[in-house]
Amino acid sequence: TRPTSSRLFAVTSRSITEDELRDSFSVFGDVQGVWVVKDKQTKESKGIAYVKFAKSSQACLAMEEMHGKVLMDGTKPIKVFIAQSRSSNRHRDVEDEELTRIFVMIPKTFTEEDLKDTFKEYGEIEYCVIIKNKSTGESKGLGYVRYHKPSQAAHAIENCDKTYRAILAEPRTKTTVTEEYSGGMSRGEYMGGNDSMNQYAFPMAEPVNYQGMDYRSGDFTRCLMISTRAALSQEQIFSLFDLIPGMEYCELQRDNYGMSKGHALVRYNNLGSAVYAKEKLNGFEYPPGNRLAVNFVDDGEDRSSPVSRMAMQLVAAQMMSAVWNGPATNQVMKPHQGYSAVSNMSRVQTDVNLPPLKKLAPPDSKSKERLFVVFSPSPLPLDVLEDVFCRFGSLIEVHLVPGRKVGYMKYADKQCADEAMAVLHGRVVNGVKMKVMLADPPREESHKRPRTT
DNA sequence: CGACGGGACGC
DNA sequence: CGACGGGACGC
């Protein structure tokens, strides 16, 4: 599944024309071509059409929105799928299952919560997992992120930082019991659920592992949201989450038609049960083949006061720092350092006077010079770096190398870059010392055959 | 010291 | 049920 296709395959009424298709599909993006397949002799439509978009995310969005729509009064609803590649002989519909999971390369220091935080900006994440060494438990630097919709996965692939090398994940090639539950279900069909769950045992014995949990704001509430791709009944959700003591509330979220939206809310009367439930049931397959996503949601307790928010940000900063520095230097941030950062209301503290902020150069500007920056003891956040390095003008882009303490600053003007280097080399920003040097030219893309699309 | 690569899952 | 025309960069 290398290229995520930007071409749609549509089954329409034979009376639908290319112009009608173009009109209705072009609201979702740049339609590069519409082709209705016609009988060679009679020139009549065979009720099949291809719609090519500039981007895969546009095609996915159009598919999600147009599938099942009636284009013209009196005609049948259309079916819309991502088209199989031209070379493919298989004419099986491409299922959402194959379009909603991405495969990424991540720093080995990433926890599953870090992975989720990084990729949630492209859509609600149903489930994510990091590939780990099964005996030592250490990360292999690879992860999977499952979204709810193909357009979200496509969006992530198109827009996430290139260093993550995000691609569509190959579907799991294992089909045992899984198939009878998810295999027969296609988009838009309701899957009834009256299975009893007692046949699916899951371990309750081991203690909860708190390593890798997210200590940042919004986590650790008594309230959980459950997302599921297959429709589940209230009773199913109830009996599953009631296995953990302390459940005080359980409700399936329904739409106006009374159909399950694939979401449920569960609340426990204590934090421990909620943490345990998330730990044990997030990613659990129920029924087999249907992964549940379980996440903390705001339980209504006030976390929004400025003092509370700042306190949480401070804790978050300490956690980040601890993660980067490792257990050896896991000391708590000095109180006065933290307080002064908060009271200044500024995100940048430095030992040098900085010029005022300047606008960034357009993203498509040609790079005239790149700076290579080494951070000690840990890298600064992207927004802080942009704030600092833009002040010399013509900054195009800040790039951090994930999992490394280095980054690249791309400038559209050589003099601006040189001045930034002269001013910032050896300086300390927010407690982080920076070496700022000219970057070596990027490694050549090597002479491989250029890929189309 | 501090460099951009690489790639597959016991659900 | 419902799967592939037309046209031709430059290596």
Side-chain angles (χ1 to χ4, degrees), chain A residues 1-2 7-14 18 33-40 43 45-50 52 76 78-94 101-106 108 127-132 134-135 140-146 161-174 176-178 181-182 200 202 281-293 370-377 379 399-408 410 433-450 452:
Chain A
T1 317
R2 315 270 188 43
R7 196 174 61 130
L8 294 180
F9 168 65
V11 183
T12 74
S13 176
R14 295 179 193 272
E18 288 179 353
V34 178
W35 168 41
V36 166
V37 179
K38 302 189 181 83
D39 183 283
K40 285 258 187 1
K43 305 286 189 202
S45 163
K46 291 163 83 170
I48 292 167
Y50 293 93
K52 174 73 172 72
K76 65 177 181 185
I78 63 172
K79 299 179 200 171
V80 186
F81 303 93
I82 292 291
Q84 291 282 11
S85 78
R86 254 172 201 287
S87 51
S88 169
N89 290 321
R90 304 183 55 84
H91 286 171
R92 202 197 73 238
D93 297 343
V94 177
R101 194 176 67 145
I102 64 171
F103 181 52
V104 294
M105 312 187 66
I106 49 178
K108 293 214 168 53
Y127 179 80
C128 68
V129 69
I130 287 171
I131 301 173
K132 304 186 185 100
K134 280 173 282 282
S135 45
K140 291 188 177 168
L142 298 169
Y144 293 100
V145 178
R146 170 82 70 182
D161 192 293
K162 297 284 173 274
T163 56
Y164 293 117
R165 308 270 144 177
I167 59 173
L168 269 187
E170 288 298 342
R172 272 185 34 247
T173 53
K174 232 186 196 168
T176 48
V177 229
T178 312
Y181 288 98
S182 60
Y200 312 116
F202 72 96
L281 294 175
N282 186 29
F284 182 64
E285 288 201 26
Y286 177 68
N290 179 62
R291 272 178 311 280
L292 300 179
R370 252 175 9 137
L371 299 180
F372 175 60
V373 184
V374 183
F375 306 95
S376 177
H399 168 60
L400 284 177
V401 180
R404 297 266 125 93
K405 300 181 205 180
V406 303
Y408 295 91
K410 201 195 282 183
K433 179 153 181 173
M434 301 186 299
K435 294 185 191 175
V436 184
M437 295 153 284
L438 291 183
D440 292 340
R443 227 180 78 117
E444 280 305 319
E445 265 297 319
S446 81
H447 304 277
K448 287 189 174 161
R449 60 197 144 88
T452 42

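Quick note: numbers below take in every heavy atom, side chains included, and nothing from hydrogens, waters or symmetry partners. In what follows, chains carry the letters A, B, and so on, assigned in the order in which the sequence lines appear, proteins first and then strands, with residues in each chain numbered from 1.
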- Note on the structure: Of B:dG5, C:dG5, B:dA8, the nucleotide closest to the side chain of A:W35 is C:dG5
- Message: So if I apply the side chain to side chain contact (heavy atoms under 4.5 Å, CB included) rule between A:K38 and each of A:E18, A:K46, A:R14, which one comes out positive?
- Response: A:E18
- Message: I want to check one thing: is the phosphate of B:dC9, taken as OP1 and OP2, less than 4.0 Å away from some side-chain N or O of A:K132?
- Response: no
- Donor/acceptor link under 3.5 angstrom from A:R101 side chain onto base of B:dC9: yes
- Query: How many Å lie between CD1 on A:I130 and P on B:dA8, as a whole number?
  - Reply: 16 Å
- Message: From CG of A:D440 over to C1' of B:dC4, roughly how many Å is that when rounded to an integer?
- Response: 10 Å
- Query: To the side chain of A:V11, which of B:dC4, B:dC11, C:dG2 is closest?
  - Reply: C:dG2
- Ignoring the backbone of A:K134, work out which of B:dG6, B:dG10, C:dA3 is nearest its side chain. B:dG10
- Measure the acute angle between the ring planes of A:Y408 and A:F372, then classify it against the limits of 30° and 60° as parallel, tilted or perpendicular. tilted
- Query: Closest to the A:I48 side chain: B:dG2, C:dA3, B:dA8?
  - Reply: C:dA3
- Message: Is A:R92 close enough to C:dA3 that one of its side-chain N or O atoms is under 4.0 Å from OP1 or OP2 there?
- Response: no
- Establish, yes or no, whether the cationic atom of A:R146 lies under 6.0 Å from the six-membered ring centre of A:Y127 and within 45° of the ring axis. no
- Message: Any side-chain N or O of A:R172 below 4.0 angstrom from OP1/OP2 of B:dG10?
- Response: no
- Message: Suppose we call a contact any N or O donor and acceptor under 3.5 Å apart; does that hold for the side chain of A:K140 and the base of B:dG7?
- Response: no
- Message: Categorize A:N89 for me: base, sugar-phosphate, or nothing, with a 4.0 angstrom heavy-atom threshold over every strand shown.
- Response: nothing
- Is there side-chain contact between A:V11 and A:I78, with at least one heavy-atom pair below 4.5 Å? no
- Task: Can you sort out the partners of A:R90 under side chain to side chain donor-acceptor pair (under 3.5 Å), two or more places apart, ordered by chain and number?
- Result: none
- Query: Which nucleotide in the set B:dG2, B:dA3, B:dG6 lies at the smallest distance from any side-chain heavy atom of A:M105?
  - Reply: B:dG6
- Take the protein atom CG of A:L142 and the nucleotide atom P of B:dG7, then report the distance between them rounded to whole Å. 8 Å
- For A:V104, answer base if it contacts any base atom (sugar-phosphate contacts may also be present), sugar-phosphate if it contacts only those atoms, and nothing otherwise; contact means non-hydrogen atoms under 4.0 Å. base
- Just how far, in rounded Å, is C1' of B:dC9 from CZ of A:F103? 8 Å
- In terms of side-chain heavy atoms of A:Y127, which of B:dC9, C:dA3, B:dC11 is nearest? B:dC11
- Syn versus anti for C:dC9, judged by chi lying within 90° of 0? syn
- Could you give the NZ-to-P distance, from A:K433 to B:dC1, as a whole number of Å? 17 Å
- Name the closest nucleotide to the A:I167 side chain, picking from B:dA8, B:dC4, C:dC4. B:dA8
- Query: If you look at every strand shown and take non-hydrogen atoms under 4.0 Å, does A:A83 touch a base, only sugar-phosphate, or nothing?
  - Reply: base
- Planes under 30° and centres closer than 5.5 Å, is that true for A:F9 with the base of C:dG2? no
- Under 4.5 Å between any side-chain heavy atoms of A:T12 and A:I48, yes or no? no
- So does A:R370 reach the base of B:dC4 with its side chain, donor to acceptor, closer than 3.5 Å? yes
- Atom-pair distance (CD on A:E18; P on C:dC4), nearest Å: 16 Å
- Provide, to the nearest angstrom, the distance between the CE atom belonging to A:M434 and the P atom belonging to B:dC1. 21 Å
- Query: Counting side-chain heavy atoms from C-beta on, which of B:dG2, C:dC4, B:dC9 comes nearest to A:I131?
  - Reply: B:dC9
- Query: Which nucleotide in the list B:dC4, B:dC9, B:dC11 gets nearest to the side chain of A:V129?
  - Reply: B:dC11
- Query: Between A:Y50 (OH) and C:dC4 (P), how many Å, whole number?
  - Reply: 6 Å
- Note on the structure: Taken in chain and number order and not counting sequence neighbours, the residues that satisfy side chain to side chain donor-acceptor pair (under 3.5 Å) with A:S45 are none
- Query: DNA chain C: A:V34 or A:K46, which has the more 5' nearest nucleotide?
  - Reply: A:K46
- Task: Identify whether any heavy atom of A:K40 sits under 4.0 Å from a base atom; if not, whether one sits that close to sugar-phosphate; answer base, sugar-phosphate or nothing.
- Result: sugar-phosphate
- Message: Students often get this wrong, so: under 4.0 angstrom with heavy atoms, is A:F375 touching a base, only sugar-phosphate, or nothing?
- Response: nothing
- Task: Mark yes or no for a side-chain to base donor-acceptor pair under 3.5 Å between A:K435 and B:dG2, with no hydrogen or angle criteria applied.
- Result: yes
- Sugar-phosphate only, base, or nothing, as touched by A:S13 at under 4.0 Å among non-hydrogen atoms: nothing
- Evaluate the side-chain proximity of A:F81 to A:K79: yes if any heavy-atom separation is below 4.5 Å, no if none is. yes
- Based on the glycosidic angle (syn within 90° of 0, else anti), state the conformation of B:dC1. anti
- For the side chain of A:M437, starting at C-beta, report the closest nucleotide among B:dG2, B:dA3, B:dC9. B:dG2
- Message: If you go through the side-chain atoms of A:R7, does one of them form a donor-acceptor pair with the base of C:dC4 closer than 3.5 Å?
- Response: yes
